[in-house]
Amino acid sequence: MPKMKRALLVLAVLSLTTLSGCAALQNLLKGAFKKPTVTFKTARLADASLSDATVNLVYEVSNPNGFGLDLASVDYAFFVEGKQVVAGKPKKGLNLKANGKSELVFPANVKFADIVPVVETFLNKDRAAFKAQGTVGIKTPIGVIDFPLSKEGTFEVPKIPQVAFQAPRIKNITLSGATVEFPLEIKNRNSFPLPVAGITGALKVAGADVGTLSTGSLGMLDGSGSKQVTLPLTINFARAASAAMALRSGGNAQVRLDGKLTSDDQSVPLNLSQLVNFVK
């Protein structure tokens, strides 16, 4: 047999053997491979303020195989109150651990002004509706398997902090005026931290305009936590006769603060009126 024909025959036999081996190997892999499952776990807020928040939708991938798998592709959309918002994706190539569970986190930044025309109205809601849809592709020994993502639910809307006066203290009083310390308590009604850039507003005592109170930046309020600030103010009796009577006699007087509370770049109206006891 000529050498050329012999070489071609050997090559053909090797090719058939290789193809047969590949098919057998693929069948073996198919028989041994167990399909992972993808389930929705939770929706949670992060980096929340009164202007926006990041909503993290968390899915759990359970891989029953003795080897890791890779995330191959992501196609994902997120809607809040029927409006699509910017959504992030887990990184492609993310390794899903063997014989265990891994989290896939889909972050979406929700700017409240893009959802509703009046942010204060939105912030007075307890919860907001969301919808998520898309697919994730997971690279496996038998090829890429697509898993559909579809979830509707609600997430907690950031609540405006509760602000209240504590008993003001008269530090110094003369015929012409008085210096009064006004303690304010700011309570975070959310389970998560909330930044408060400050509170400012016009103050009235017994119906008389006495000046302006401003806290400056209050920083981050802990989840379900509170912070107290004391704001001194010098009151001129010549411009606030009714306040002068209330402060000289002591006891109770109506205090009103009309202003705003700011968190990040979002301000909301603050109208606070209380009957408080002035102490010396």
Side-chain angles (χ1 to χ4, degrees), residues 40-60 78 80-81 85-88 103-116 118-130 153-169 180-201 203 212-233 255-274 276-277 279:
F40 176 78
K41 188 175 181 181
T42 188
R44 60 193 181 210
L45 288 190
D47 303 323
S49 71
L50 298 184
S51 62
D52 66 338
T54 297
V55 183
N56 288 325
L57 258 64
V58 184
Y59 286 82
E60 188 173 76
F78 188 74
V80 175
E81 299 291 317
V85 300
V86 177
E103 284 190 349
L104 293 181
V105 180
F106 295 81
N109 182 252
V110 183
K111 296 187 182 300
F112 305 140
D114 295 338
I115 303 299
V116 292
V118 182
V119 173
E120 300 95 271
T121 303
F122 181 81
L123 295 174
N124 284 320
K125 295 165 62 74
D126 288 328
R127 303 189 72 82
F130 73 81
T154 61
F155 63 87
E156 185 181 356
V157 174
K159 299 176 184 63
I160 300 170
Q162 182 180 28
V163 182
F165 280 107
Q166 304 300 303
R169 182 174 294 274
V180 183
E181 292 181 343
F182 291 90
L184 274 180
E185 185 177 41
I186 302 95
K187 290 184 178 179
N188 184 2
R189 299 187 294 149
N190 303 285
S191 60
F192 45 83
L194 190 78
V196 178
I199 294 172
T200 185
L203 184 70
T212 299
L213 292 182
S214 182
T215 64
S217 178
L218 296 174
M220 191 72 70
L221 291 180
D222 293 334
S224 303
S226 64
K227 184 174 289 189
Q228 189 175 91
V229 292
T230 299
L231 307 174
L233 183 67
V255 175
R256 182 176 181 87
L257 181 67
D258 292 308
K260 62 184 180 179
L261 182 150
T262 304
S263 175
D264 279 354
D265 57 355
Q266 178 63 47
S267 295
V268 294
L270 178 64
N271 303 110
L272 177 62
S273 182
Q274 279 182 247
V276 297
N277 183 48
V279 297

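Numbers here simply count residues along the sequence, with the first being 1. No experiment lies behind these values; they were computed from the predicted model shown.
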pair Val163-Leu270: side-chain heavy atoms closer than 4.5 Å: yes
Side chain proximity check, Pro158 to Phe192, heavy atoms < 4.5 angstrom: yes
field: Asp47: partners by side-chain contact (heavy atoms from CB on, under 4.5 Å), with sequence neighbours left out
entry: Thr54
message: Quick one, Leu184 and Leu272 - any side-chain contact, counting heavy atoms below 4.5 Å?
response: yes
statement: Across all chains, not counting sequence neighbours, the side-chain contact (heavy atoms from CB on, under 4.5 Å) partners of Asp265 are Ser51
message: What's the separation between atom CG in Leu231 and atom CG in Leu203, rounded to the nearest 0.5 Å?
response: 9.5 Å
statement: salt bridge (Lys or Arg N to Asp or Glu O under 4.0 Å) filter on Asp264, not counting sequence neighbours, yields none
statement: Contacts of Phe112 meeting ring-ring contact (aromatic ring centres under 6.0 Å, His included) (sequence neighbours excluded), chain-then-number -> Phe122
query: Would you say the side-chain atoms of Gln274 pair up with the backbone N or O of Val255, donor to acceptor, closer than 3.5 Å?
result: no
- prompt: Can you name the ring-ring contact (aromatic ring centres under 6.0 Å, His included) partners of Phe130, sequence neighbours left out?
  reply: Phe78
message: Restricting to non-hydrogen atoms, name the atom on Ala128 and the atom on Val80 that form the minimum distance, rounded to 0.1 Å.
response: CB-CG1, 4.4 Å
query: Given Asn109 and Val55, is the side chain to side chain contact (heavy atoms under 4.5 Å, CB included) satisfied, shown in steps?
result: CA-CA 6 Å; Asn109 182 252; Val55 183; over 6 Å; no
- request: Answer whether the closest heavy-atom distance between the side chains of Glu181 and Pro168 falls below 4.5 Å.
  value: no
- request: Could you check if a side-chain atom of Val58 sits within less than 4.5 angstrom of a side-chain atom of Leu104, using non-hydrogen atoms only?
  value: no
task: Check whether any side-chain heavy atom of Val229 lies under 4.5 Å from a side-chain heavy atom of Ile186, and answer yes or no.
output: yes
- prompt: For Phe165, what residues pass the ring-ring contact (aromatic ring centres under 6.0 Å, His included) criterion, not counting sequence neighbours?
  reply: none
Audit row: Thr262, Val196, side chain to side chain contact (heavy atoms under 4.5 Å, CB included) steps and yes/no: CA-CA 6 Å; Thr262 304; Val196 178; over 6 Å; no
Interatomic distance, Thr42 atom OG1 to Phe155 atom CZ [nearest 0.5 angstrom]: 13.0 Å
field: Selection residues 154-169 - residue pairs positive for salt bridge (charged side-chain N to carboxylate O under 4.0 Å, His left out), sequence neighbours left out
entry: Glu156-Lys159
- prompt: Who are the side-chain contact (heavy atoms from CB on, under 4.5 Å) partners of Thr212, not counting sequence neighbours?
  reply: Thr200
query: Going through the distances and angles, do Phe106 and Asn56 end up as a side chain to side chain contact (heavy atoms under 4.5 Å, CB included)?
result: CA-CA 6 Å; Phe106 295 81; Asn56 288 325; over 6 Å; no
- prompt: Can you name the residues that form a salt bridge (Lys or Arg N to Asp or Glu O under 4.0 Å) with Glu103, not counting sequence neighbours?
  reply: Lys41, Arg44
- prompt: Are side-chain heavy atoms of Leu45 and Ser191 found at a separation under 4.5 Å?
  reply: no
- prompt: Is a donor on one side and an acceptor on the other found under 3.5 Å between the side chain of Asp52 and the backbone of Ala48?
  reply: no
message: If you apply the rule side chain to side chain contact (heavy atoms under 4.5 Å, CB included), what do you find for Arg256 with Asp258, and how did you get there?
response: CA-CA 7 Å; Arg256 182 176 181 87; Asp258 292 308; 2.9 Å; yes
field: Contact check, side chains of Leu50 and Val119, non-hydrogen atoms, under 4.5 Å
entry: no
Nearest atoms (heavy-atom pairs only) where Ala167 meets Asn277: CB-O, 3.3 Å
statement: Rounding to 0.5 Å, atoms OG1 (Thr230) and CD (Glu185) come to a distance of 11.0 Å
query: Taking only residues two or more places apart in sequence, or in another chain, which ones meet Thr154 in a side chain to side chain donor-acceptor pair (under 3.5 Å)?
result: Arg127
message: Once rounded to the nearest 0.5 Å, what's the spacing between atom CD1 of Ile160 and atom CG of Leu194?
response: 10.0 Å
Distance-only check: which donor-acceptor pairs under 3.5 Å involve side-chain atoms of residues 216-228, not counting sequence neighbours?
residue: Ser217; atom: OG; partner: Gly219; partner atom: N; Å: 3.4
residue: Ser224; atom: OG; partner: Asn190; partner atom: O; Å: 3.4
residue: Lys227; atom: NZ; partner: Leu218; partner atom: O; Å: 2.4

- line: Applying side-chain contact (heavy atoms from CB on, under 4.5 Å) to Asp114 and not counting sequence neighbours gives Lys111
